[in-house]
There are 2 protein chains.
Amino acid sequence: MTIAEHRGELADAVLRPVRGHHAFESCVERLATSIRLGIYADGSTLPPERDLADRIGVSRATLREAIAALREAGLVTTRRGRGGGTVVTFRPGEPGSAPTLARPRAELLDALDFRRIVEPGAAWAAADQDLTVAQDEMLRTALEQVSTASTKALHRQADSLLHLAIASVTGSPLLIDAVTNVQMCLHDMLDAIPVLDRNIDHSRRQHVAVVEAILAGDAAKARRTMESHCDDTAALLRGLM
Amino acid sequence: MTIAEHRGELADAVLRPVRGHHAFESCVERLATSIRLGIYADGSTLPPERDLADRIGVSRATLREAIAALREAGLVTTRRGRGGGTVVTFRPGEPGSAPTLARPRAELLDALDFRRIVEPGAAWAAADQDLTVAQDEMLRTALEQVSTASTKALHRQADSLLHLAIASVTGSPLLIDAVTNVQMCLHDMLDAIPVLDRNIDHSRRQHVAVVEAILAGDAAKARRTMESHCDDTAALLRGLM
DNA sequence: CCGATAAGGTTCGAAACCAGACCTTATGGG
DNA sequence: CCCATAAGGTCTGGTTTCGAACCTTATCGG
């Protein structure tokens, strides 16, 4: 009786596709998500192509094709010359407007489960460390944006940014990456269903509680509260899909 | 006062390399890790090249180059003809034998932090679901292998396999992937430091407690225990690096 | 007003990667 | 014994990606 009998199942764990798509596709997805999540807001200018290509880890040629795709899709416009660049021209639409889900259902449901682990973990890690003044301020600002968002679409953007901000202050690249990917999936789902005012209000209260716990350094409470938040969001999404 | 002021930090979250290395390198790493972690034990045969290439999501040509690299490194040998294939010829060395760390220190330390979140999460998720008979048996077997390993090297392999087994029974691809990557980093670190008998004994007790909690369906306890385990391992590694 | 400069636009060869067809070898079953 | 078969080994054409140099445009500062 050895573990070898179960090797097949373990092999599944490590013998998985080494990279999802082509560089070009991944590149488009990254940029489109950055824009749709509001990291690059309407009217703001993307970094120069050479910088972007370096940071995304892709050749400039590939990056340019990706930008061309975004331009095609109407998300950005590009101007030449000094002071030019690629500027965002995108205003988020109301939830429920997306006709169909971009990804397979199973992948989205998996993202919900994974989120239940990493986002509370991020809240815990964020609370369990000394925040710089800038980080403290970023969290407060992100929270305020969520509370004062005037439309559902803007609220959804601010929501994503708050979650990213929490992951960001942990300073852990792996954790930041995990939360970013999860938020991308979440965004696709939220685009496909209508959201009620009372849901927004409920999550707003949870956001306040999470940020308060983080700022107070109460790691256990931050995690617990974030767990409730994830559970509630997940229940809502699972019910409507 | 808007979130845009902090956009730079958030941009860091999403503007990261879209794929770490070339397909070839990632492929070598995956396979080498599978072998060194003991998923493919000494003497066992790898799946046929065509199957492997499909599962790793890489062309057969690229896979073959990766296998050639493994052969060069003495990890496998290859025989042609029917009934042939690529068989593993690798016996794990004692810890402390690796002269240098394969990855940058920061990456390894980050992996420890990330592990503190995902592995307890995996234990929680594993306990919080109905296990099939096969899964139940896999966990018991993996635990037994850890307890009865005759050498430190074998113990380290069995340790990794147990953690992978726990992640595996959750059935969540994202979680499995996260734990797999973390275990790869951990393996590199454990290769570089000497391990004491009393450390092994301590972690053995923790493994037993975690698996018991999972089998009993006590999610909270499974997570708590795994957290302690991760904390202890991390403290040991951080102290010796 | 005009040139240094900071951006995007273009081109080209090299390398990696892929998909598929085909060849070679050795074994195991009839 | 022998051949169908399951493996690894080889070749080829085509696509993607890269890297790096070079061109073009438009602004900002002196």
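Computed over heavy atoms, backbone and side chain alike; hydrogens, waters and symmetry mates excluded. Being a predicted model, the structure only gives us computed values, none of them experimental. Proteins get letters first, then strands, A, B, ... in listed order; numbering begins at 1 in each.
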Taking A:D159 first and then A:K152, would you say they form a salt bridge - that is, a charged N and a carboxylate O separated by under 4.0 Å?
no
Do you see a donor-acceptor pair shorter than 3.5 Å between the side chains of A:Q157 and A:Q145?
no
Close approaches to DNA chain C from residues 64-74 of chain B, in residue order (heavy atom, under 4.0 Å)
none
Indicate yes or no: does A:R140 engage A:D136 in a salt bridge with an N to O separation below 4.0 Å.
yes
Send over the distance from B:D54 CG to C:dC18 P, rounded to a whole Å.
12 Å
In terms of side-chain geometry, is the basic nitrogen of B:R36 or B:D191 positioned less than 4.0 Å from the acidic oxygen of its partner?
yes
Using a 3.5 Å distance criterion without hydrogens, assess whether the side chain of B:R115 forms a donor-acceptor pair with backbone atoms of B:L186.
no
Rounded distance in Å - CG (A:L52) to C1' (C:dA7)
13 Å
Separation of B:E49 atom CD from C:dC17 atom P, in whole Å?
16 Å
What's the closest nucleotide to the A:T78 side chain, out of D:dG9, C:dG8, D:dA7?
C:dG8
Per-nucleotide protein contact along nucleotides 21-30 of chain D, 5' to 3', at a 4.0 Å heavy-atom cut-off (B base, S sugar-phosphate only, - neither), is BB-BBBBS--
Shorter than 3.5 Å, N or O on both sides, protein versus nucleotides 11-16 of chain C: list them out with atom names.
none

Test ring-ring contact (aromatic ring centres under 6.0 Å, His included) applied to B:H155 - qualifying residues, sequence neighbours left out:
none
Spacing between B:E25 atom CD and D:dC18 atom P, to the nearest angstrom
13 Å
Any side-chain N or O of B:T62 below 4.0 angstrom from OP1/OP2 of C:dC18?
yes
Could you pull out all residues at least two apart from A:H207 that satisfy ring-ring contact (aromatic ring centres under 6.0 Å, His included)?
A:H163, A:H229
With salt bridge (charged side-chain N to carboxylate O under 4.0 Å, His left out) as the rule and sequence neighbours excluded, what pairs involving residues 65-76 of chain B come up?
none
B:Q183 side-chain N/O to B:T180 backbone N/O, donor-acceptor pair under 3.5 Å
no
So, does A:E49 use its side chain to make a donor-acceptor pair with the main chain of A:L63 at under 3.5 Å?
no
Whole-Å gap separating P (D:dA6) and CG (B:D51):
12 Å
If you assign B:T86 and A:S59 each to the DNA chain D nucleotide with the nearest heavy atom, which residue ends up on the more 5' nucleotide?
B:T86
Side chains of A:D110 and B:S172, donor plus acceptor under 3.5 Å
yes
